[in-house]
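Any value given below was found using the heavy atoms of this structure, including those in side chains, with hydrogens, waters and symmetry copies removed.
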Amino acid sequence: MAESTSTAVEGMTPAQELMAKHAADEAHRPTVEEVVDEEDLEHPPPSASLSAAESTPTPAAQTSEKVAGKQKATDRPAKSNGVPVLNTQSEEAFPSLGAPKPRQPVAPMMWGKKPSSVANGVNGSANGTAAASNLSSRASTPASGRGAPTRSVNLPGQVSSTFEIFPQQMTPRPQLKKSLPETITEINKHSKAKIEQRPMTMDGKLRFEGKGTSLEAINTAFRELSQKVGLRQSIAVPVPNSVRASLIGRQGATIQKLQANSGARIQIPKQTENDAQGEDDDGEMIDVMIEGDPLAIQYARRDIESIVNERTSTLNMRLKDIPLEYYPYLAGAHNSGINTFEDGRDVRVKIPHYHTWVEQAPPQPPADGQQVTFAPQARDPIMLAGDRAAVQEVQREIERQVQELRQSLTLDQISVERGKHQFIVGDRGSSLHDFLEETGCTVVLPPSGTDSEILTVIGPADKLEGGMNKVMDLASSMAMTSVDIARQHAKAPRGAHVHARDLTRYLRHRQAIEQLERAHDASIVLPTLLDGPSSWEVFSRDGKNTMRARTDIMNLISGHPPARVSNVSINPFFHQYLQLQAAKSLRTDQGVYVVFPEQHEDSPDVVLVYEGLGSPAEYELPRRQPSPAEVQAFQRALQEAEQHLLGLISGQQEIVSRDVQASPKFHDKIRRYVSREQQGLPKDQIPVQLRYAGPSEATRGAAAGVFVRGPSDNVEEMIAKLLTFIEQEEKDELERSYTTSFEFPQKFNNFVIGKKGENIRKLREEFDVEIQVNDGSIELKGPEAKANACKAHINSLKKKLEDEATHILKIPAQYHRDLIGHRGAQVNRLQDRYSVRVNFPRTVQNDDNGDAATDAGSVKNYRQQPADEVIIKGPKRGADEAREELLNLLQYTKDNSFTGVVSVAQSQIPQLIGTGGREMDALRLATGAQIDVPGAKDIGSSGRAEVKLKGTKEQVEKAKKLLQERAKTFDETVTRTLDVDKKHHRTLIGSGGSNLRDIVIAAGGPEDRQLLARMVRFPRPESNDSTIKVEGPQAVVDKIIEALQSRVTDRENQVEETLEVAPEKHRLLIGHSGEARRTIQTKFNVTLDIPKQTATGAARSQVKITGAPENVASTKAHILEITKDQPGETVDIPRKYHNAISDNGQFFRRLRNDLRVTVDHNGEQPPPRPATTAGAPRARTNGGALPLITDDASADTHSWELVDASDSASQEEGTIPWILRGNADNLAKARAQLEKALQAAQKPNCTGYLILPDPKTYRFVIGPGGSQINAIRKETGTKVQVPRDQAQGEAIEIVGPKDGVEKAKNIILELVSKPGQGSGGSRRA
């Protein structure tokens, strides 16, 4: 204190020295209330004014580094005239009662991680930053006016306040226009407050007192005084990086307000990529620069600290400078250390578990007597979170323990087989906590991806030997065996070693090794060298498990013989392409599993293993030797898979590798450039691959460059582009010093920077320039062309932002859902069409899983958007159009937002929806309304569901009316059941449901088949249920039940009789299409069961009649009447003429229709019909191909073929009876016609086949109602048949005497050759 005062005295004017003397004299007459406590002088509270050494930078500290470097260094405190200043704090000069007080530990920085004692700066401050600002803690809230004017005792109607300033903070007298008293007098003349200079304080500060009617007037006068006499300076205030955004505010509003209130200039450093990554870490600090007069700096600092304290009442900190080897000791055995840290404190401590090194191995054992240096690694930092004071306290305790561990820990190393590692410390070994608790040491294992067998034991020197012994005990207790998998298939065609290597790769890829280890509680170590031994090493604590694992491995190897595993050599360039294009399809379609080498291996060997068809997830590895048939299937599938893979890359150009010389500083740019160049490649084109020379290659003397691999043409093209790109980049490097700056509104800075610096990072990568965002300007540094391009881009962004308009629409929240649309369809369409942003208010709902707190915290710095506000932001034109369309959509929504509710029974909902929603879709289509049916969860215990309607007024009314009608009908619906024996169900339903339909319609039910089926439900035929359910209006249901009961009663009273009817007479009972049977059943109310033609034996002639006894008797009499035998006459016809006479049944039909005479054959089977040729396509006999359109119309274009009938006549011997039945007169006529037909059949006949060129002319041969063809038959005495299909190439068949056949042909040709009727054919002479 004395030294600081002495320094101050040296720079005083005589007047100031006199004032200091008066102040010293005044200090010898203190009152009790005014005496400052010595404890407060040594350890001032946070609310105290800052001392010269703590809060206020000296002029030397405030000058630039360049100027400061020229000043004379001061090694020790200055003295005044060689006379030491009296130190009232000296314990020797002024001993206190009792033992001397211990020195208090140096308080930590408020937001920093290191104690202030390590800071190197003027008077204990670093970079001009006052160290006293770090004395505050959460236990003592910083005063709002630190160093600022302090309000004192107030008289009625008057306010007074004081302002203190160090002499070093004042402008030297030669640089002032007026002296201090003159300046005060000038201010008092025009100010509403009066300032008076008071005696200096005990710590050497100039003290001013202001009096006035308001504190605001006093502060204004103080601020003017500070501006006129204060020395303009700048200080750095460290703040957590996490509060950067809070200090800047939305579009810079907060920092602008801070500058306006304080009068100081505040600069917040730009956000770097590392800063963006550390935003969540309150331990990451940044320096905020404050420039201005002393009072302005104090105001700005006070406000900044207030914001920081408000935003950082809790602290998140990452400790990254602690070696990982200390973590187990800090955490303690079974986390006892963590529990100690957290006990009684509002803090959470997370120390990562460390027992395997990843990036950096532990150091080597030291020489005797030397201390081990453990290097810190920032990969897994220690996390502290909680109350600020508690976090800082734990941080200090951890740093203290780290210092102790740095002095006490040492290490040693031991080599142990890799398979035993996990049994020492790991999943199968003792836990690191147990090892630490037992030995006081820790063990660090090498990672699984290395070949190292070195274990590192770390601990205090006196306990290290015990830790080493424990490791050796654990290692020696392991059982080990080896399995040489190459020996089992020693005669593999590709070599036993190659097969073993491929099989090992496959099983590792299939994660079979992990399965074996879990199954047998063992550790399996595989060979790491491709050309090394093929033995597997198996380790386990239990020797039995080792043998079981070995047996299982041998079975697994036996199930994968060389026939099941194949190897194909493919250039590594194609591996990634084939893995994407073929691997999955080969496994799914052909059952072949493909294993590609790891990328770092750069091996051409691709392994194919046959697994079989089926799901890969459900596949189980075989453990038995396959059969010979299976081996052949394996080989066939593997061969097809190999051909498929090679086929995909066949036709590709030669794969070449080229290198391009490029400095490592260009590698990232080249990577981004190549990625952009290859984005638009076709799917079938494989992009070239790039590899960059790493440090290892550089150490081997390889030139720093880029290696390009791919098809030769593509590689050459890419190399040409890269050379051009690198050449341009090298030219750009020469222009890196070019700098340009331009104005840019500060309110748009956040758009340039983006969230966590995302936007500015993209700009830097895209334009390859450095971008510095300042207050009101942007500075670009880089090649001139790129800087200008970036400038143009940012200016276009500024123009776009300046053109941006914001519309706030008041829209009731009830319409938001419709305006947003399903999954945001409506709002996304607006945003895409007009390039605007439409923000609907967020709804933060509390839930039970704790996420609500996170959500609330994430939006705490955003303006809360009212529930009825919709904000449209974007280009003015687009925003205007989007607003207009949104308002139109709102009006449409309002017009279509009429609602209605219809209450329906819950059980009616399935009926309203219908199968697959068809009923509801039809209802919506018919009414045009939106109909929402509630789910089962939304229906209360009342059993009534409210169906909500929405649409226009007319649509809602229409839908409401229909639903109410259906609801009323359903509410009046009753359900009754009727138990009827299943034997009656078929009769009640009837053929095609005819009986049931008659019953329902007669009862007043619906005619619609679906409604009818819903009203009366019969059980399924396969079920044992016999209950019929009837549902509908009560009156209709009662009538249906009554009708069903009546029919069942009638059915139960029915009798069944069997009547013998000759099979040939069944047609009389059936009739055409069953018409005769239906007539009988309806007339007599019975059921007829006529046997099918396939029936055999006695059942063939048994007709069953079921019905009431009287109806059965009447039906029986009727059937006997119509089937009784009529007088008949038998004529024996030679069997070979039967088909010729019957004429395909035409002769029988003529007798029946014309003479009422029927024909039967007394049960004999008629001879088979000869193969018909009528209408069959035949080869043309006179002209070959059919005529063309260009042929002469007079040409003979028809085809005619005449065949002697004797060639195709039947050769059967014997006769068949023709029994003619009818009245006597007609029998004679029928017999005469039969004899005439027999005579005609016995005559030599011919068959003619006539093919006309145009099938359409066949209709002229038939004539209206068959009149023309019948006339031809009668005139020529022949049988003429015209093909039914009348397709082109089908013949008209004419059978009869040769002269008659010829005559019929001529008549037909003459008919079709008449003008307008035929297109060709010969004319009859």
Under a 4.0 Å N-O cut-off, is there an ion pair linking [X] with [Y]?
{"X": "R924", "Y": "D921", "answer": "yes"}
{"X": "K1279", "Y": "E1293", "answer": "no"}
{"X": "E1129", "Y": "R1231", "answer": "yes"}
{"X": "D1038", "Y": "R976", "answer": "yes"}

[X] vs [Y] side-chain heavy atoms within contact, under 4.5 Å:
{"X": "V1280", "Y": "N1270", "value": "no"}
{"X": "L1227", "Y": "V1157", "value": "yes"}
{"X": "D1089", "Y": "T1106", "value": "no"}
{"X": "I1251", "Y": "E1290", "value": "no"}
{"X": "T1247", "Y": "I1294", "value": "no"}
{"X": "L949", "Y": "L963", "value": "yes"}
{"X": "E1056", "Y": "V1112", "value": "no"}
{"X": "L1059", "Y": "Q1102", "value": "no"}

Is there a donor-acceptor pair closer than 3.5 Å between any side-chain N or O of [X] and the backbone N or O of [Y]?
{"X": "H1138", "Y": "P1167", "result": "no"}
{"X": "S1267", "Y": "G1263", "result": "no"}
{"X": "H1066", "Y": "V1061", "result": "yes"}
{"X": "N1111", "Y": "G1107", "result": "no"}

What residues, two or more places apart in sequence or in another chain, satisfy side chain to side chain contact (heavy atoms under 4.5 Å, CB included) together with E965? K961, L962
Sorted by chain and number, sequence neighbours left out, side chain to side chain contact (heavy atoms under 4.5 Å, CB included) with K982 holds for H985, S1023, S1026
Minimal non-hydrogen separation, [X] against [Y], with atom names:
{"X": "I1080", "Y": "V1086", "value": "O-CG2, 4.3 Å"}
{"X": "W1200", "Y": "G1248", "value": "CH2-CA, 3.5 Å"}
{"X": "V974", "Y": "P1033", "value": "CG2-C, 4.3 Å"}
{"X": "G1277", "Y": "P1297", "value": "O-CD, 3.9 Å"}
{"X": "I1028", "Y": "F1018", "value": "CD1-CE2, 3.2 Å"}
{"X": "I1141", "Y": "W1218", "value": "CG2-CH2, 3.7 Å"}

Give a yes or no on whether [X] atom [atom1] has more than 12 heavy-atom contacts from other residues, nucleotides or ligands under 6.0 Å away.
{"X": "E1235", "atom1": "CD", "answer": "yes"}
{"X": "E1042", "atom1": "CD", "answer": "no"}
{"X": "K1039", "atom1": "NZ", "answer": "no"}
{"X": "N1024", "atom1": "CG", "answer": "no"}
{"X": "R1014", "atom1": "CZ", "answer": "yes"}

The complete set of ring-ring contact (aromatic ring centres under 6.0 Å, His included) pairs with one or both residues in residues 1076-1117, sequence neighbours excluded, reads F1084-H1118
All salt bridge (charged side-chain N to carboxylate O under 4.0 Å, His left out) counterparts of E1302, not counting sequence neighbours: K1305
Decide yes or no on side chain to side chain contact (heavy atoms under 4.5 Å, CB included) for K1303 and E1275, but give the supporting numbers first. CA-CA 9 Å; K1303 184 178 180 180; E1275 182 179 351; 3.4 Å; yes
Would you say the side-chain atoms of E1060 and S1101 include a donor-acceptor pair closer than 3.5 Å? yes
Residues in side-chain hydrogen bond (donor to acceptor under 3.5 Å, both in side chains) with T1278, at least two apart? T1276
Scan the side chains in residues 1002-1013 for donor-acceptor partners under 3.5 Å anywhere in the protein, sequence neighbours excluded, and list what turns up.
unit_1	atom_1	unit_2	atom_2	d
D1008	OD2	Q1010	N	3.0
D1008	OD2	L1011	N	3.1

Salt bridge (charged side-chain N to carboxylate O under 4.0 Å, His left out) evaluation trace for R1135 with E1213: CA-CA 6 Å; R1135 296 181 66 87; E1213 299 295 335; over 6 Å; no
Supply the atom-to-atom distance N1153 CG to L1151 CG, rounded to the nearest 0.5 angstrom. 9.5 Å
